[in-house]
Amino acid sequence: MIIAKKISKQIQLANQSVEILHETTIAAEAGEFLSIIGPSGSGKTTLLNCLSGLVKPSTGEVYIDGQCIQKLSARKLAQLRRTSISTIFQSYNLLPALNVYDNVVLPLRLNHQRASKVAITELLQKLNFKADLNQVPSQLSGGEQQKVAVARALMMHARIIFADEPTGALDSLSRQVIFGQLRALSQQGVCVIMVTHDIEQAAQTDRALILSDGCIVNEVKQPSVEQLFTQMDRLRG
Ligand SMILES: Nc1ncnc2c1ncn2[C@@H]1O[C@H](COP(=O)(O)OP(=O)(O)OP(=O)(O)O)[C@@H](O)[C@H]1O
């Protein structure tokens with residue numbers, strides 16, 4: 001479903017080019033739940049953004065359903081992203097002028113899909129969201145904003161979900177609820193790729209990729225908490 005072949009990303013800093021992702025190769029199937037873990041600054045968000053087509057890799061290719069997304073026109077890529085991909089951003093990316101309901105419904109509207117207020121209210125309730133749907137993001141706590149961002153992504157019923165620390169701002173109960181939703185979606189055939197600092201969550205995914213200095217240094221299938229802590233300890237070194 002998703003294949004990344006030797007993707008690298010260079011950025012220009014002052015007068016020098018710095019490589020923040022090095023020749024990374026990944027494949028993920030429909031129904032797979034992948035986690036990406038690694039120290040801060042190891043390139044997890046950059047990798048996720050390259051996979052989702054938000055950022056263009058400097059070299060290498062990303063294929064989604066056999067299509068090289070770098071070869072798609074901007075219009076086709078935007079269409080693919082609107083119809084097949086949902087992203088939960090680390091910084092939520094809610095529109096400050098829109099209330100909760102309008103933020104959740106926005107991608108559906110952009111995709112000319114009908115929005116059901118009942119379905120949105122039910123989903124937000126399932127995510128343990130207790131605030132008013134008429135409030136704007138600045139009136140919500142960080143955790144509440146994160147739940148709105150998760151609801152917005154889940155309402156799309158996309159085949160692929162990219163989640164960048166989707167539970168980072170949440171209490172442990174809400175973390176479990178949202179992780180459970182992602183797990184259930186993967187069991188229904190959705191491909192979920194999640195960046196996380198939460199080792200216990202990563203240990204409940206199908207496969208954990210360990211990133212260090214822009215390279216995947218290891219990959220653990222059906223990981224255990226102990227295995228992943230050992231991997232992270234090795235990196236701290
Ligand atoms: N647009 C950019 N301009 C300059 N530096 C960047 C840019 N994007 C990423 N970086 C740098 O690249 C490295 C990798 O960043 P990235 O956000 O991918 O890491 P991360 O593993 O997701 O970090 P964290 O766990 O802290 O969110 C960092 O050192 C970051 O400062």
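Position 1 is the first residue of the sequence; numbering continues from there. Because the structure is predicted, anything quoted here is derived from the model rather than measured. The figures that follow rest on heavy atoms only: side chains count, while hydrogens, waters and symmetry mates do not. Both counts, for ligands and for their atoms, begin at 1 and track the order of listing.
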Quick one: does F89's side chain get under 4.5 Å of L54's, heavy atoms only?
-> yes

To the nearest 0.5 Å, atom CG of D132 lies from atom CG of L140 at 9.0 Å

Measuring from D198:CG to I37:CD1, what's the distance to the nearest 0.5 Å?
-> 10.0 Å

K9 NZ to K56 NZ distance, which is reported to the nearest 0.5 Å = 9.0 Å

Distance (rounded to the nearest 0.5 Å) between I120 CD1 and L154 CG = 11.5 Å

Residue contacts for ligand 1, heavy atom to ligand atom, distance under 4.0 Å = I11, L13, I20, P39, S40, G41, S42, G43, K44, T45, T46, Q90, E165, H197

Pairing of D102 and R152 as salt bridge, 4.0 angstrom limit = no

